[in-house]
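Positions are given from 1 along the sequence. It should be emphasised that the depicted structure is a prediction, and the values quoted were computed from it without experimental measurement.
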Amino acid sequence: MRGAASRLGPTLAALYLVTAGAGVVRGASAAPRSSCETCHAGLADVAPELVVKLDVWDLDVHAAKGLGCVGCHGGNPDPAVAGDAEAAMSKAAGFVGKPERSRQAEWCGRCHSDPEFMRRFQPRARIDQVTEYRSSVHGKRNQQGDATVATCVDCHSVHGLLPVSNPNSPVYALNVPRTCARCHADAVKMAPYGIATDQYAKYTASVHGIALLKRQDTAAPACNDCHGNHGAVPPGVNSVTNVCGTCHAREAELFRGSKKAAAFDQLGLPECMSCHGSHEVPRPSIVMLAAVPETPCDICHSPGDPPGFADERASLLAASQAAGATDPQARFDWLVDRAKQRHHSAEFDELFLKFRVGKIGETSSRCADCHAPGDAGYTVAAGFSKDQQELTRLAAHARRKLLSAERAGMEVGEASFQLGAVVDAEISLEVLVHSFDHSDPGQFAQTYRRGAEGGRAVLEQAEGALRELSRRRAGLAVAVALILLVTVGLGLWIREIERSPHPT
């Protein structure tokens with residue numbers, strides 16, 4: 001047997017696999033399962049730092065697999081020697097105690113790097129974690145004697161390790177950011193390294209953090225998805241696109257094929273981060289391309305659509321001023337909140353989320369960071385923004401008309417289906433911006449024309465349905481009027497008959 005048990009010696013090989021079922025110490029009256037548990041459960045008054053909470057240990061993934069204390073620490077677990085510390089911690093029985101922090105990775109690796117041993121418990125488990133760890137920033141500093149950097153137990157815990165799939169595990173997807181923040185948000189711990197401590201705060205407000213932590217979407221990236229798990233390192237300038245491209249493959253491919261890729265390489269600029277940021281990644285929107293409209297209303301509406309829009313817009317601006325939302329950013333956000341209250345639905349919530357991001361004013365456009373008004377890059381960005389806004393406005397206009405017709409009972413199923421293609425084109429435009437190609441035969445131009453043509457067709461069908469509704473209502477009104485006229489006529493005729501003298 002080449003597993004970890006054999007390395008503890010033949011005497012302990014049989015003791016290494018200790019059943020972790022019933023009999024775990026949970027109170028003073030319960031029978032102990034091993035000398036280790038008996039002793040370390042009763043050290044609260046003598047050495048509280050050595051106390052092992054047995055109810056926590058009972059949930060440990062190792063205990064669940066039948067791996068007892070001696071598997072890591074050695075010694076004699078026989079309950080009969082519980083009162084004899086020398087016998088329980090006998091060197092002859094392989095007792096090694098607490099491993100040094102500089103060697104904890106290899107200590108855990110005695111089992112986790114052994115393919116034969118791990119196959120017995122988790123055949124699909126990776127066995128290269130120690131090698132990866134030693135290639136990481138943490139592992140290198142740890143090997144150099146830095147006792148403060150993270151080791152296995154800092155992330156996974158000790159004497160209470162839970163499976164990664166357990167929501168209470170510190171390395172469960174939803175918990176990873178907070179686990180990393182235990183060190184990386186601690187100014188005292190990070191001071192010797194000169195590392196910023198605002199990453200967690202930025203991440204929680206980012207599009208990734210909101211998806212993971214608020215929406216509970218475990219597919220959203222956490223710290224380890226970008227930096228790595230055991231081999232954690234900060235992505236280099238040249239590797240950022242590869243990191244982001246693991247999820248955003250189409251965007252990465254478009255960027256690599258664009259003229260911007262060579263320019264970014266020459267300037268030494270991080271590709272995705274230059275526009276989107278790193279930990280603080282906001283939700284992409286037209287705000288990143290050009291100056292945002294004065295009000296969120298202008299994104300979907302135009303003067304005269306719907307009737308009275310201009311007057312209502314002016315009234316809302318006055319109301320925002322009266323509410324104290326005087327600067328552009330506060331006014332824009334105030335109007336978004338009012339619009340959400342008025343148009344409360346899932347589709348409108350998504351729409352307003354899409355356009356809330358960014359800062360209003362000079363810094364709202366990422367393109368303007370490098371391009372000045374009038375130059376080629378600025379003009380291209382303005383074209384992207386104009387087409388996206390027009391298609392968004394057209395789609396919103398068509399959607400409103402369809403909703404009006406649908407609520408009136410008109411059949412608009414086919415038009416609603418076609419509107420989905422328009423929305424798909426709208427989303428595709430956001431992706432195709434990464435080609436930086438606004439030329440007439442370019443993908444962006446083709447997608448815009450396809451979406452615009454589809455949007456106009458849907459709008460025409462919706463307006464046709466509303467015209468048909470008006471005709472039906474007019475016909476119904478005429479029919480009702482005729483029925484009333486006939487009814488009145490019959491009533492008068494009957495009355496006249498009743499007034500006429502009856503023959504005797």
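For the pair Asp128 and Arg126, the salt-bridge criterion is met [side-chain N within less than 4.0 Å of a carboxylate O].
Side chain of Thr38 to backbone of Ser34: a donor-acceptor contact under 3.5 angstrom is found. Judged by distance alone, the side chain of Asp78 and the main-chain N or O of Val81 form no donor-acceptor pair under 3.5 Å. Judged purely by atom type and a 3.5 angstrom limit, Gln216 uses its side chain to pair as donor or acceptor with the backbone of Leu213. Not one N or O on the side chain of Asn166 forms a donor-acceptor pair closer than 3.5 Å with the backbone of Pro163. Between the side chain of Thr179 and the backbone N or O of Pro170, at least one donor-acceptor pair lies under 3.5 Å. In terms of modelled atom types and a separation under 3.5 Å, the side chain of Ser157 and the main chain of Gly160 share no donor-acceptor contact. Under the 3.5 Å distance criterion, the side-chain polar atoms of Ser385 are left unmatched by any main-chain donor or acceptor of Ala381. Remark: side-chain polar atoms of Asp217 are not paired, donor with acceptor, to backbone N or O of Ala211 under 3.5 angstrom. With hydrogens and angles disregarded, no donor-acceptor distance shorter than 3.5 Å links the side chain of Ser113 to the backbone of Arg110.
Taking the side chain as every heavy atom from C-beta outward, Arg399 and Val458 never approach each other to under 4.5 Å. Counting only heavy atoms from C-beta outward, the side chains of Asn76 and Ser90 never approach each other to under 4.5 Å. Considering only heavy atoms from C-beta on, Trp107 comes within 4.5 Å of Val96 through its side chain. In this structure, Pro79 and Ser35 have side chains that are not in contact, with every pair of non-hydrogen atoms separated by 4.5 Å or more. When side chains are defined from C-beta on, His138 does not count as touching Thr151, because their heavy atoms never get closer than 4.5 Å. Within the 4.5 Å cutoff, the side chain of His279 has no heavy atoms near those of the Ser206 side chain.
Ser102 and Gln143 are not linked by any side-chain donor-acceptor pair at a separation below 3.5 angstrom, with hydrogens and angles left out of the test.
Rounding to the nearest 0.5 Å places NE2 of His62 at 6.0 Å from SG of Cys72. Distance check, rounded to the nearest 0.5 Å: CG of Asn175 to CG of Asn168 gives 7.5 Å. The NZ atom of Lys65 sits 12.0 Å away from atom CG of Asp60, with the distance rounded to the nearest 0.5 Å. Going from atom NE2 of His230 over to atom SG of Cys155 covers 8.0 Å, rounded to the nearest 0.5 Å. Atom-to-atom distance recorded for Thr197:OG1 and Met190:CE is 9.0 Å, nearest 0.5 angstrom. Here NZ of Lys91 is found 11.5 Å from CD of Glu86. Values are rounded to the nearest 0.5 Å.
Remark: of the listed residues Asn224, Val164, Leu162, Leu161, Val164 is the sole one forming a side-chain contact (heavy atoms from CB on, under 4.5 Å) with Val171.
Shortest non-hydrogen contact noted between Ser135 and Gly231 is OG-CA, 4.3 Å. Here the shortest heavy-atom pairing between Phe444 and Asp437 reads CB-O, 3.5 Å. The shortest heavy-atom contact between Ala232 and Gly228 is CB-O, 3.8 Å. Residues Cys39 and Leu43 approach most closely at O-CG, 3.3 Å, considering heavy atoms. Here the shortest heavy-atom pairing between Met118 and Ala125 reads CE-CB, 4.0 Å. Scanning all heavy atoms of the two residues, the minimum distance from Val52 to Trp57 falls at CG1-CB, 4.3 Å.
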Check the pair Ile127, Asp114 against side-chain contact (heavy atoms from CB on, under 4.5 Å), reporting the backbone distance first and the verdict last. CA-CA 7 Å; Ile127 56 171; Asp114 187 325; over 6 Å; no
Hey, mind stepping through Val70 and Phe95 against side-chain contact (heavy atoms from CB on, under 4.5 Å) and telling me if it holds? CA-CA 8 Å; Val70 296; Phe95 180 75; over 6 Å; no
Apply side-chain contact (heavy atoms from CB on, under 4.5 Å) to Asn142 and Gln104, showing your working. CA-CA 10 Å; Asn142 173 265; Gln104 279 183 0; over 6 Å; no
Does Thr392 form a side-chain hydrogen bond (donor to acceptor under 3.5 Å, both in side chains) with Glu426? I'd like the steps, not just the answer. CA-CA 7 Å; Thr392 298; Glu426 192 181 353; 3.0 Å; yes
For a side-chain contact (heavy atoms from CB on, under 4.5 Å) check, start with the C-alpha distance between Arg134 and Glu106, then their side-chain angles and the critical distance, and finish with the verdict. CA-CA 10 Å; Arg134 287 303 175 200; Glu106 284 72 21; 2.8 Å; yes
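Within the structure, every pair that satisfies the side chain to side chain donor-acceptor pair (under 3.5 Å) test and touches residues 252-261, not counting sequence neighbours, is listed here: Asn242-Arg256, Lys260-His371. A ring pair (Phe, Tyr, Trp, His ring centres under 6.0 Å) check over residues 158-214, counting only residues at least two apart or in different chains, returns the pairs His73-His159. Screening residues 200-213 for salt bridge (Lys or Arg N to Asp or Glu O under 4.0 Å) gives Asp198-Lys202 as the qualifying pairs, with residues at least two apart or on separate chains. For residues 141-159, the pairs satisfying salt bridge (Lys or Arg N to Asp or Glu O under 4.0 Å) are Arg101-Asp154, with sequence neighbours left out. Every pair passing side chain to side chain donor-acceptor pair (under 3.5 Å) that includes a residue from residues 441-451 is listed here, sequence neighbours excluded: Glu390-Tyr448, Asp440-Arg449. Applying the salt bridge (Lys or Arg N to Asp or Glu O under 4.0 Å) test to every pair with at least one member in residues 162-189, sequence neighbours left out, gives no pairs at all.
Counting non-hydrogen atoms of other residues, nucleotides and ligands closer than 6.0 Å to CD of Glu132 gives a total above 12.
Taking the six-membered ring wherever Trp is involved, the centroid distance between the rings of His434 and Phe255 does not fall below 6.0 Å.
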